Amino acid sequence: MTTKLNHLLADIDVLEIIGDTDKNISSLESDSRKAEKDGIFVAVKGVTTDGHKYIPVVTSANVGAVVCEEMPSTLDKGVTYIRVADSAKALGELASAWFGHPSRHLTLVGVTGTNGKTTTATLLYEMARLEGYKAGLLSTVCNYIGEKKVPSTHTTPDPISLNRLLAEMVNEGCDYAFMEVSSHSTAQKRVAGLNFAGGIFSNLTRDHLDYHGTVDNYMRAKKAFFDMLDKDAFALINEDDKSGRFMVQNTKAKVYTYSLRTDADFRGKVLETRLDGTLLSLNGHEVEVMFTGRFNAYNLTAVYGASILCGFNPEEVLVNMSKLVPVAGRFQPFLSPQGVAAIVDYAHTPDALINVLDTIRDIVGSKGKVITVVGAGGNRDSGKRPIMAQEAACRSDILILTSDNPRFEDPEEIISQMAAGLSKEELKRTEQIIDRREAIKRAVEIAEPGTVILVAGKGHEPYQEVKGVRNHFDDAEEVKAALNLIP
């Protein structure tokens, strides 16, 4: 595949060009190790390294063009140099152009927020399929091109991988695509150049401060997504979240709201809740769904609203709401013959733990006991560790602190940082077990009939990352084994 350089640059804000633009380009790369002869290399200033320092390496490989923010001191003959204000943004726009602007041929909807992105995006993908459309999905758990499963490595892929996946969706005849839009992706301009038909905001609580530094930076990274929506798009926000209105302050999109508490364009209300489902009211229509908890009621209300905004038949949407099934690792229930229930959930922030544990406590009431098994990821925001432990402890009868994905940190030190948030009384009913498998076994061992065990933090992840190595570990598998549910 080759494309004329001047065609690729048609939608790019260029500050300066040195060299010929009427030439064929054979590839697009931002990784200098993959740069090819007659290709275009985009020098991006990344988190760990600056692509500009690799310009001499790629020009020696005879690339056809270089996109950069700063012109190199030495220019190679035969190479076209293109200076832009923001090379990360240019990479996204070039990737879109390279693959034929696939997002323009799809109804593409993005979902952003701290919690609920995976569930909302996945259920919209399932809803589109139930409505008879071919659809694609880009999520933390897995990507789908129609029915074809594609492994996921990032919540939002890099611009080249992202546009390649969208192009495959177009080629497969997909009408719709739904994707999670992470704060990292907007901060790093990975979604630049994409044409979104709509955006959804779920909620905002503390997360990823190891990357963004402050809550304000994190919030503005989320807001940047809505800033990029055009006037023909919709912006669906959670009216009950205090950050919702901030997200759409500068958007050109048409704003719609959803809520469980107040009047909104799409109004949800929990009528009855159980461990295996909820009776929900959506704009006055009762529907039985296979999801539990107010946090899922928010997700489902967003799905209901977005489905209608996508043009799906409102009556069919209501019928299909009852057919949707929970996403793996998101409030995934297991019940032993002895009457002990366990929930596997991805909750890895203080707010997510509060939501899940409040839901469990509402279901078990004053008689049932709640045991929580939770850890915190290494090499991530350490400030949330004592807060997570504190929120879990005050909502649980017994707390077991354990290892999550320690990565390159000492798991014992992570647990100690979590325990620092507990009072003396809370520490008396807290156990610290580094081995996650043993922690889950211990929770089952001390559980009585009627007890609900929450295993939180990893959800769908089938691995545990220790010192750069991902070892197979699946919370759902471990729970089933501990409950003797595996024959």
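Just so it is clear, the structure is predicted and the values come from calculations on it, not from any experiment. Count residues from 1 along the sequence.
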Lys NZ or Arg CZ of Lys34 over Phe41 ring: under 6.0 Å, within 45°: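 Judged by the rule (NZ or CZ under 6.0 Å from the ring centre, within 45° of its axis), Lys34 is not positioned above Phe41.
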Salt bridge (Lys or Arg N to Asp or Glu O under 4.0 Å) partners for [X], two or more places apart:
X	value
Arg220	Asp216
Glu478	Arg437
Asp227	Lys223

Over 12 non-hydrogen atoms of neighbours within 6.0 angstrom of CG in Asp13: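 Check fails, neighbour count at 12 or below.
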Atom NZ of Lys45 with >12 non-hydrogen neighbours under 6.0 angstrom: yes
With the side chain counted from C-beta on, respond yes when [X] and [Y] share a heavy-atom pair under 4.5 Å apart, and no when they do not.
X	Y	answer
Met219	Met247	yes
Asp86	Lys189	yes
Arg380	His348	no
Met169	Leu138	yes
Pro337	Leu485	yes
Phe331	Pro326	no
Thr292	Ile343	no
Val370	Ser396	yes

Asn296/Thr278 under side chain to side chain contact (heavy atoms under 4.5 Å, CB included): CA gap, chis, key distance, verdict: CA-CA 9 Å; Asn296 268 324; Thr278 299; over 6 Å; no
Do the charged groups of [X] and [Y] touch, with an N to O distance under 4.0 Å?
X	Y	result
Arg442	Glu431	yes
Arg385	Glu409	yes
Asp358	Arg395	yes
Glu147	Arg129	yes
Lys89	Glu93	yes

Donor + acceptor pair across side chains of [X], [Y] (<3.5 Å):
X	Y	answer
Asp240	Tyr298	yes
Gln332	Asp475	no
Arg330	His460	yes

Does any N or O in the side chain of [X] come within less than 3.5 Å of the main-chain N or O of [Y], such that one atom is a donor and the other an acceptor?
X	Y	answer
Thr59	Pro56	yes
Thr186	Ala221	yes
Asn143	Ser139	yes
Ser202	Asn115	yes
Asn405	Arg407	no
Thr402	Ile434	yes
His52	Glu69	yes
Asp50	Lys53	no
Ser87	Ala90	no
Lys222	Gly113	yes

How close do [X] and [Y] get, heavy atom to heavy atom, and via which atoms?
X	Y	result
Ala88	Val44	CB-CG1, 4.0 Å
Gly92	Pro159	CA-CB, 3.8 Å
Ile237	Gly244	CD1-O, 3.5 Å
Asp241	Ser243	OD1-N, 2.8 Å
Ala447	Val340	CB-CG1, 3.8 Å
Gly39	Ser26	N-OG, 3.6 Å

I need the [X] [atom1] to [Y] [atom2] distance, nearest 0.5 Å.
X	Y	atom1	atom2	result
Glu180	Thr118	CD	OG1	3.0 Å
Thr140	Tyr346	OG1	OH	5.5 Å
Leu204	Thr114	CG	OG1	4.0 Å
Arg274	Phe291	CZ	CZ	13.0 Å
Ile160	Leu165	CD1	CG	12.0 Å
Ile400	Thr372	CD1	OG1	9.0 Å

Check against side chain to side chain contact (heavy atoms under 4.5 Å, CB included), Ile12 and Val84: CA-CA 8 Å; Ile12 311 297; Val84 296; 4.1 Å; yes
Which residues share a side chain to side chain donor-acceptor pair (under 3.5 Å) with Thr122, sequence neighbours left out: none
Chi angles and distances behind the side chain to side chain contact (heavy atoms under 4.5 Å, CB included) call for Val67, Leu91: CA-CA 9 Å; Val67 175; Leu91 175 62; over 6 Å; no
Ring geometry between Tyr176 and Phe178 (parallel below 30°, tilted from 30 to 60°, perpendicular above 60°):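 Answer is parallel, since the angle falls under 30°.
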Geometric class of the Tyr144/Tyr125 ring pair [parallel <30°, tilted 30-60°, perpendicular >60°]: parallel
Worked verdict on Lys384 versus Asp351 for salt bridge (Lys or Arg N to Asp or Glu O under 4.0 Å): CA-CA 10 Å; Lys384 70 181 181 182; Asp351 187 65; over 6 Å; no
Let me check something: any side-chain donor-acceptor pairs from residues 419-427 under 3.5 Å, sequence neighbours excluded? List them with distances.
| from | atom 1 | to | atom 2 | distance (Å) |
| --- | --- | --- | --- | --- |
| Ser423 | OG | Glu426 | N | 3.2 |
| Ser423 | OG | Glu426 | OE1 | 3.4 |
| Glu425 | OE2 | Lys428 | NZ | 3.1 |
| Glu426 | OE1 | Ser423 | N | 2.9 |

ring-ring contact (aromatic ring centres under 6.0 Å, His included) partners of Phe225, counting only residues at least two apart: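 Result, ring-ring contact (aromatic ring centres under 6.0 Å, His included) vs Phe225: Phe196.
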Side chain to side chain contact (heavy atoms under 4.5 Å, CB included) assessment of Ile25 paired with Asp38: CA-CA 6 Å; Ile25 295 297; Asp38 298 327; over 6 Å; no
